[in-house]
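Residue numbers run from 1 in the order of the sequence given. Every value quoted in this text rests on a predicted model; they were computed, and no experiment measured them. Both ligands and their constituent atoms are indexed starting at 1 by order of listing.
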Amino acid sequence: MTSVLVTGASRGIGFSTAQRVAARGGTVFAGARDAGRLAERLAADESTRGLDIRAVALDVTDDDSVRAAVRQVGDTLDVLVNNAGVPGTWAPAAEVGPGDFRAVFETNLLGPVRVTQAFLPLLLASEQPRLVMVSSGMGSLTLQSTGDDYAEIAHLPYPASKAALNMLAVQYAKSLPSVIVTAIDPGLTATEFTGGSGHPVEEGSDAVVTAVFDTAGPSGRFLDREGPVSW
Ligand SMILES: NC(=O)c1ccc[n+]([C@@H]2O[C@H](COP(=O)([O-])OP(=O)(O)OC[C@H]3O[C@@H](n4cnc5c(N)ncnc54)[C@H](OP(=O)(O)O)[C@@H]3O)[C@@H](O)[C@H]2O)c1
């Protein structure tokens, strides 16, 4: 049985990932800042009834919260999905300063560092450990600087945080040879994050779920639901 921790599982792509992984027989630790509210949703939601999804209090910006979550998960974890993320400000460049970056990087970059470091001993105790970073095409230097995809979009902290997360994935892949590390671009997905714009949430979680069950690798790829994405 595959054990999987998903951060930011209270809604959106994280909730969908938790539901779909558990439906395929996984044991899911669903991290949420308000675990009580998530437990209520899990009990009430038709799609999660009877599945092995355990709500775990987990704020990725808080060391104590992360340490407590480690104790709840136990000794071994097969897959860590660093999904929790925030959009931050989309204000024009002239109005954006270091404080705006700090807020976004604390969740989108230091969150995955904090959670990965804390859970690493549990991952390394697994026979087939996987580390999944929920990134974004907006973090792709190639896509941001060529082609039409993001030609009209010039935002500061969020794409920078996801570009940094991509580099973190590459460096973890090199540093942790026994772990399959994958960065994922969910694509524009209809969640609270986008105000409902984009493809259905199941399409957003497709590549995340595939990476959760991928025991073949290779490690160090950036993928969406159709295949490789340019870094
Ligand atoms: N939607 C898209 O189009 C899209 C595209 C590319 C990448 N992504 C990425 O996909 C991931 C999930 O996004 P989403 O669209 O599902 O957004 P969402 O619906 O807004 O969900 C974000 C999740 O992150 C959690 N979160 C925020 N700060 C947290 C913290 N400090 N500790 C723990 N959890 C925290 C939220 O929990 P609370 O309920 O506690 O707020 C929520 O569960 C993000 O990393 C995002 O950057 C999304």
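Side chain of T107 to backbone of V104: no donor-acceptor contact under 3.5 angstrom is found. Proximity of a side-chain donor or acceptor of T89 to a complementary backbone N or O of D100 within less than 3.5 Å is not detected.
Classification of R20 and D206 as a salt-bridged pair holds, one side-chain N sitting under 4.0 Å from a carboxylate O. Between R49 and E46, at least one side-chain N (NZ, or NE/NH1/NH2) sits under 4.0 Å from a carboxylate O, which counts as a salt bridge.
Heavy atoms of K162 come nearer than 4.0 angstrom to ligand 1 in at least one pair. For the pair N83 and ligand 1, a heavy-atom separation below 4.0 Å is found. Every heavy atom of G137 sits 4.0 Å or more from the atoms of ligand 1. Look at Y158 and you'll find a heavy atom under 4.0 Å from some atom of ligand 1.
Considering backbone and side-chain N/O atoms, D185 never comes within less than 3.5 Å of an N/O atom of ligand 1. Ligand 1 has no N or O atom lying under 3.5 Å from any N or O atom of P186, backbone or side chain. By the 3.5 Å distance cut-off applied to N or O atoms, V60 is counted among the residues near ligand 1. Looking at D34 next to ligand 1, no N or O pair under 3.5 Å apart turns up.
Near G85, meaning under 4.0 Å from one of its heavy atoms, ligand 1 places the atoms 22 (C), 24 (O), 27 (C), 44 (C), 45 (O). For ligand 1, the atoms sitting less than 4.0 Å from at least one non-hydrogen atom of A84 are 24 (O), 26 (N), 33 (C), 34 (N), 35 (C), 45 (O), numbered in the order shown with element in parentheses. Within the listing of ligand 1, atoms 27 (C), 28 (N) sit less than 4.0 angstrom from a heavy atom of V86. Those atoms of ligand 1 with a heavy atom of T61 less than 4.0 angstrom away are 31 (N). Atom numbering of ligand 1 starts at 1 in the shown order; those under 4.0 Å from a heavy atom of G12 are 16 (O), 19 (O). Residue S136 has at least one heavy-atom neighbour below 4.0 Å for each of these atoms of ligand 1: 6 (C), 7 (C). Numbered from 1 in the order shown, with element, the atoms of ligand 1 that lie under 4.0 Å from a heavy atom of L188 read 3 (O).
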Using the ring pair (Phe, Tyr, Trp, His ring centres under 6.0 Å) rule, take F193 and Y158 through it: C-alpha gap first, then chi angles, then the decisive distance, then the call.
CA-CA 12 Å; F193 204 91; Y158 179 77; 5.4 Å; yes
Can you check side chain to side chain donor-acceptor pair (under 3.5 Å) on N166 and S135, steps first, answer last?
CA-CA 7 Å; N166 282 354; S135 181; 2.7 Å; yes
Hey, mind stepping through E202 and R225 against salt bridge (charged side-chain N to carboxylate O under 4.0 Å, His left out) and telling me if it holds?
CA-CA 11 Å; E202 292 73 25; R225 62 198 295 272; over 6 Å; no
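Contacts between N108 and ligand 1 below 4.0 angstrom, taking non-hydrogen atoms only, are absent altogether. Residue contacts with ligand 1, taken as heavy atom pairs separated by less than 4.0 Å, involve V134 via backbone and side-chain atoms alike. Heavy atoms of S135 found under 4.0 angstrom from ligand 1 belong exclusively to the backbone. Residue contacts with ligand 1 for T194 involve side-chain atoms from C-beta outward but no N, CA, C or O (heavy atoms, distance under 4.0 Å).
Heavy atoms from other residues, nucleotides or ligands lying under 6.0 Å from CG of D75 number 12 at most.
Residues T27 and D52 bring a donor and an acceptor atom of their side chains to less than 3.5 Å of each other. Looking only at atom types and distance, the side chain of D78 has no donor-acceptor partner in the side chain of T2 under 3.5 Å away. Between the side chains of S65 and D59, not a single donor N or O lies within less than 3.5 Å of an accepting N or O. Between the side chains of S205 and S16, a donor-acceptor pair is found at a separation under 3.5 Å. For the residue pair R130 and T215, no side-chain donor N or O sits within less than 3.5 Å of a side-chain acceptor on the partner.
Atom 25 (C) of ligand 1 has its closest protein heavy atom at G8 CA, 3.7 Å. For atom 31 (N) of ligand 1, the nearest protein heavy atom (residue, atom name, distance) is D59 OD1, 2.9 Å. The nearest protein atom to atom 33 (C) of ligand 1, hydrogens excluded, is given as L58 O, 3.3 Å; this is a heavy-atom distance. At the top of the distance list for atom 48 (C) of ligand 1, counting protein heavy atoms only, stands I13 CD1, 3.8 Å. For atom 21 (O) of ligand 1, the closest non-hydrogen atom on the protein side is R11 NE, 3.6 Å. For atom 4 (C) of ligand 1, the nearest protein heavy atom (residue, atom name, distance) is G187 O, 4.0 Å. In this structure, atom 43 (O) of ligand 1 lies nearest to the protein heavy atom S10 OG, 2.7 Å. Of all protein heavy atoms, the one closest to atom 3 (O) of ligand 1 is T189 N, 2.7 Å.
In this structure, OG1 in T182 is found 5.5 Å from CZ in R221, a value given to the nearest 0.5 Å.
Considering V60, V86, L165, N82 as possible partners of N108, the one that fulfils the side chain to side chain contact (heavy atoms under 4.5 Å, CB included) test is V86. Looking at V21, L223, T17 one by one, the single match for side chain to side chain contact (heavy atoms under 4.5 Å, CB included) with V208 turns out to be T17.
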